[in-house]
Amino acid sequence: MALAAHFNLILLRLRLQLRNSYYRSPYVSSVNSPFNLSKITIINATRIRRLQLGCYYCVSNSHSYTSSSSSSSSHLDAKSYLQLSDGELMKQCEMSTFKASGPGGQHRNKRESAVRLKHLPTGVIAQAVEDRSQHKNRASALRRLRTLLALKVRNPVDVDAYSPPLELLQILPLKSTVRGAESGPQIGPNNPKFVLGMQALIDLIFAVEGSISEAAKILGLSTGALSRLILSDDSLRMAVNDLRASKDLKPLK
Amino acid sequence: MKLGLTRACFGCRPICYTTSLPSSTLNKPQIPIFLRPPAYSATSLDLRKWHEWAKGLAVSVGSSFADADNGPDTNLLCRELNWLLQDSLEDPKHDIRQSNESLMLRTSLDDLYHLWKQRIEQRRPFQYIVGCEHWRDLVLSVQEGVLIPRPETELIVDMAFDEISKNESLGQGLWADMGTGSGALAIGIGRTLGTRGRVIATDLSPVAVSVTTYNVSRYGLQDVIEVKQGSWFEPLKGFEGKFAGIVSNPPYIPSEHIPKLQAEVGRHEPTLALDGGVGGMDYLIHLCSGAATMLRGGGFFMFETNGEEQCKLIIDFMKNELAGRFCNLNAVPDFSDIQRFVTGVRR
Ligand SMILES: C[S@@+](CC[C@H](N)C(=O)[O-])C[C@H]1O[C@@H](n2cnc3c(N)ncnc32)[C@H](O)[C@@H]1O
């Protein structure tokens, strides 16, 4: 972890925001007073399943993580994470900073304001370091977390009964034949809503085993047009290529 | 002095000093670089030359400051250098690697050389050089004579916010920030209070009072925050039992540590803001006793400390010497997991 090269990374136990969150139980035990954060134990690690290659997480419900084949109904799925407000999403995160050596506080003038957020339900980690205040780093780490959740957390898709959700239609080029006028103008990668569409697109590509031509057919696009859409955003391109690599397919260029 | 903390009173007399100040020009707050008019022109070529020179100095530092007193290393200094550049440029996003064009600066190129030399040779804190500190979502003006607010202290605002959201009456009440420095806590809390909530910010230092007044008006909080000069509770006479909340980050460094501080701190920040006496607890103890008198029932206090040992001593002191006056006494850790704050509620 290059960012941390000069710091010891330490985990702050849960942050204040976690106090009232629903993770108190069953994930968090022995919170004995509102501000006593020191005795909190975190999460059952076996609940997080990390698939090494490409690092995909499949979510079937809020509490257990399984491969997509065994997943069924989802009342809090990956998409719902992205629809949470910043505050709500933050409550699902453990925040840590890069520990300063020495006593800190008034003793010290050092501007390392790195922030690392770990999204407890999925284990996805985002960090930010470049800004001047810790507060702003928290905001950019949270933004990054949203992108990573979209890239890494997979919602199960039933290909046979599939119809593309609105947030996916909105990022498709206008010439898509499944896209009606009601989807409005095309949303580009700079729009915060792009993340949701991107997640739905990767879900679909994941469900069709990485085949761009098949996904394109479902989305009423030519393979070339869908490839161009994927290549228009770096993180989307990388996620799709990781996924394809895990299926022994060659990368899109 | 009349104590009506209503909007009307704040409106007509935004600042009430308990002690009359020397002529205000003596304590005229300095304007941070990023707020100054872009009155100096330079070429991007000259700016690149300065940047290269400055980077060379930063590189020559290596880890020597870090090894000597836990000061900044080359990486951190390079980051600061870019921030200095951003603050100085009329357009902070301007890319000076572009060919050779003319651009506008908020401080002269000569000054930039001079300031960076001070940063490296005298270890003058970066925040005094640019005249501001980014703290939470605020950008606070700071200058010599005022403590640069620390990231740890940001948590006090979070905690106050949490308390206020649990108990709305706290947010409509009167708060005090004792030893306000740049006004960081008063402003952070002032922005989270309800329409009737008010803060009194006090400090003994006239520079702190003037800088806080400037920061308060930059955030348009003149109607919410009153700044008073004086020693601890002395400017609050008449408010006994009235406060919904008291926060403070008083000087808490044990006197015996003062000579060994990181150069940026020890050589440049005011001793008045750092030195907490032998053991560092002189003011904290005073504040604890004061909080017993000044808080109303159910009122909340939060003090920053030097760490676990001071937290323990304070909690012991409150449980023994001030027995029966407080409940919910707690030590709260900072982001680095050091027990940093003591909080409690007046019975
Ligand atoms: C550690 S600084 C904290 C400043 C600011 N609250 C912050 O957190 O950034 C302590 C402050 O206490 C002030 N101070 C020192 N002695 C004081 C006294 N007797 N009465 C009031 N304030 C005092 C100093 O001037 C300084 O601004």
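Note on naming: letters A, B, ... go to the chains in the order of the sequence lines (proteins, then strands), and numbering restarts at 1 for each one.
The candidate with the highest count of non-hydrogen atom pairs below 4.5 Å against chain A, out of B:Ala263, B:Gly307, B:Pro251, is B:Pro251.
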Please step through side chain to side chain contact (heavy atoms under 4.5 Å, CB included) for the pair A:Gln106 and B:Asn249, ending with a clear verdict.
CA-CA 9 Å; A:Gln106 289 168 15; B:Asn249 172 21; 2.7 Å; yes

Show the numbers, then the answer: is there a side chain to side chain contact (heavy atoms under 4.5 Å, CB included) between B:Gln262 and A:His107?
CA-CA 7 Å; B:Gln262 181 192 338; A:His107 280 85; over 6 Å; no

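At a 4.5 Å heavy-atom cutoff, the contact between B:Gln86 and chain A is made by side-chain atoms alone. Using a 4.5 Å cut-off between heavy atoms, B:Ala273 touches chain A through its backbone atoms (N, CA, C, O) alone. In this structure, chain A has a heavy atom under 4.5 Å from the side chain of B:Leu261, while its backbone stays farther away. For B:Ile253, the parts lying under 4.5 angstrom from a heavy atom of chain A are both the backbone and the side chain. Of the two parts of B:Tyr252, the backbone and the side chain both hold a non-hydrogen atom closer than 4.5 Å to a non-hydrogen atom of chain A. Using a 4.5 Å cut-off between heavy atoms, B:Arg136 touches chain A through backbone and side chain atoms alike. With a 4.5 Å cut-off on non-hydrogen atoms, B:Val130 touches chain A through its side chain but not through its backbone.
More than 12 heavy-atom neighbours from other residues, nucleotides or ligands sit within 6.0 angstrom of CD on B:Gln122. Counted within 6.0 Å of CD on B:Glu144, heavy atoms from surrounding residues, nucleotides or ligands total more than 12; the atom is thus considered enclosed. The local environment of OH in B:Tyr219 is crowded, with over 12 non-hydrogen atoms from other residues, nucleotides or ligands closer than 6.0 Å.
When every heavy atom of B:Cys132 is checked against every heavy atom of A:Arg132, the shortest pair comes out as SG-NH2, 4.0 Å.
A donor-acceptor pair shorter than 3.5 Å can be found between the side chains of A:Asn109 and B:Gln127.
Of the charged side-chain nitrogens involved, none lies within less than 4.0 Å of a carboxylate oxygen, so that B:Asp334 and A:Arg108 do not count as a salt-bridged pair.
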